[in-house]
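The next block holds one structure in the form of structure tokens; read it before the comments.
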Amino acid sequence: MALRYPASGLGCMGMSDFYGVSDEKRSTDVSHAALDTGVTFLDTADMYGPFTNERLVGAAIAGRRDEVVLATKFGNVRDEHGACLGIRGDPEYVRKSCDASLRRLGVEVIDLYYQHRVDRNVPIEETVGAMAELVQAGKVRYLGLSEASVATIRRAHATHHIRPAAGVLVVDP
């Protein structure tokens, strides 16, 4: 079964990074207004903030988790001051990032967990293999790849089934 969500969603990156000063109350109000008008897909990443965006989204959906298709990404590594440290897709990092995202979001399961950028130093089979383990462990429902080439997707598919869905490549559990 494929992940189903409306065509419109709320990308939360700008609420805590890249576009000026963050306003937590305003961002929470926007998230609630989106949910109130039927927008149910919320997308964040560990690197936004860094780390603060997932906490903000988690607080905004507290008490409303059942209304949300929650997506978050990993792979672009930043330190707590925002410095970019590179891209990682090694299995240890995949598992560590997922556990940290679950804590920050305050949820038991992430609906869509996907690799933000492919790590060219780690075979995609290793990355997707670790991601598939997260599904098997019940931490994640669906997996995806962002900005992956056709060749990379084919190799990933050999590890775990992948098919396109609304512009995001989703790995079915």
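Keep in mind that the numbers below use all heavy atoms, side chains included, and drop hydrogens, waters and symmetry copies.
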Minimum heavy-atom separation for [X] to [Y], with atom names?
{"X": "S101", "Y": "I110", "value": "CB-CD1, 4.1 Å"}
{"X": "M131", "Y": "Q115", "value": "CE-N, 4.1 Å"}
{"X": "V94", "Y": "Y113", "value": "O-OH, 3.8 Å"}
{"X": "Y114", "Y": "L145", "value": "CB-N, 4.0 Å"}
{"X": "V122", "Y": "G89", "value": "CG1-O, 3.7 Å"}
{"X": "G144", "Y": "L112", "value": "N-CD1, 3.9 Å"}

Distance in Å, [X] [atom1] paired with [Y] [atom2], rounded so as to fall on 0.5 Å steps:
{"X": "R103", "Y": "L105", "atom1": "CZ", "atom2": "CG", "value": "11.0 Å"}
{"X": "H32", "Y": "E67", "atom1": "NE2", "atom2": "CD", "value": "9.0 Å"}
{"X": "K73", "Y": "E54", "atom1": "NZ", "atom2": "CD", "value": "9.0 Å"}
{"X": "I61", "Y": "T28", "atom1": "CD1", "atom2": "OG1", "value": "11.5 Å"}
{"X": "I124", "Y": "H157", "atom1": "CD1", "atom2": "NE2", "value": "14.0 Å"}

Give a yes or no on whether the backbone of [Y] and the side-chain of [X] come within a donor-acceptor separation of less than 3.5 Å.
{"X": "R117", "Y": "N76", "result": "no"}
{"X": "S16", "Y": "T52", "result": "no"}
{"X": "D43", "Y": "G11", "result": "no"}
{"X": "S22", "Y": "M15", "result": "yes"}
{"X": "R95", "Y": "C98", "result": "no"}

Please check if the number of heavy atoms outside E24 that lie under 6.0 Å from its CD is greater than 12.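 Counting other residues, nucleotides and ligands, CD of E24 stays at 12 neighbours or fewer.
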Near R154 CZ, under 6.0 Å, is it more than 12 heavy atoms from other residues, nucleotides or ligands?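 Atom CZ in R154 is not crowded, with 12 or fewer foreign heavy atoms closer than 6.0 Å.
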Using the ring of each side chain (for Trp, its six-membered ring), is Y48 parallel, tilted or perpendicular to H116, with breaks at 30° and 60°?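 Geometry flag for H116 against Y48: perpendicular rings.
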Do [X] and [Y] come close enough that some side-chain heavy atom pair is under 4.5 Å?
{"X": "T72", "Y": "V57", "result": "no"}
{"X": "L35", "Y": "V68", "result": "yes"}
{"X": "V128", "Y": "L143", "result": "no"}

Is there a path of hydrophobic side-chain contacts, each under 4.5 Å between heavy atoms of I/L/V/M/F/W/Y residues, joining F74 to V109?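 V109 and F74: separate clusters.
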Linking I/L/V/M/F/W/Y whenever any side-chain heavy atoms sit under 4.5 Å apart, do L70 and F51 land together?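 Unlinked, L70 and F51 end up in two clusters.
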Pair K139-D99, side chain to side chain contact (heavy atoms under 4.5 Å, CB included): steps then yes or no: CA-CA 8 Å; K139 295 179 179 187; D99 288 341; 2.7 Å; yes
Any side-chain donor paired with an acceptor under 3.5 Å for T44 and N53?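 Their side chains do contain a donor-acceptor pair, which is all the 3.5 Å distance test asks for.
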Is a salt bridge present between [X] and [Y], judged by a nitrogen-to-oxygen distance below 4.0 Å?
{"X": "R65", "Y": "D111", "answer": "yes"}
{"X": "K25", "Y": "D29", "answer": "yes"}
{"X": "R78", "Y": "D46", "answer": "no"}

Does V77 form a side chain to side chain contact (heavy atoms under 4.5 Å, CB included) with I87? I'd like the steps, not just the answer. CA-CA 6 Å; V77 185; I87 296 171; over 6 Å; no
Could you go through R64 and D36, starting from their C-alpha distance and side-chain angles, then the distance that decides it, and tell me whether this counts as side chain to side chain contact (heavy atoms under 4.5 Å, CB included)? CA-CA 11 Å; R64 299 182 78 169; D36 292 343; 2.7 Å; yes
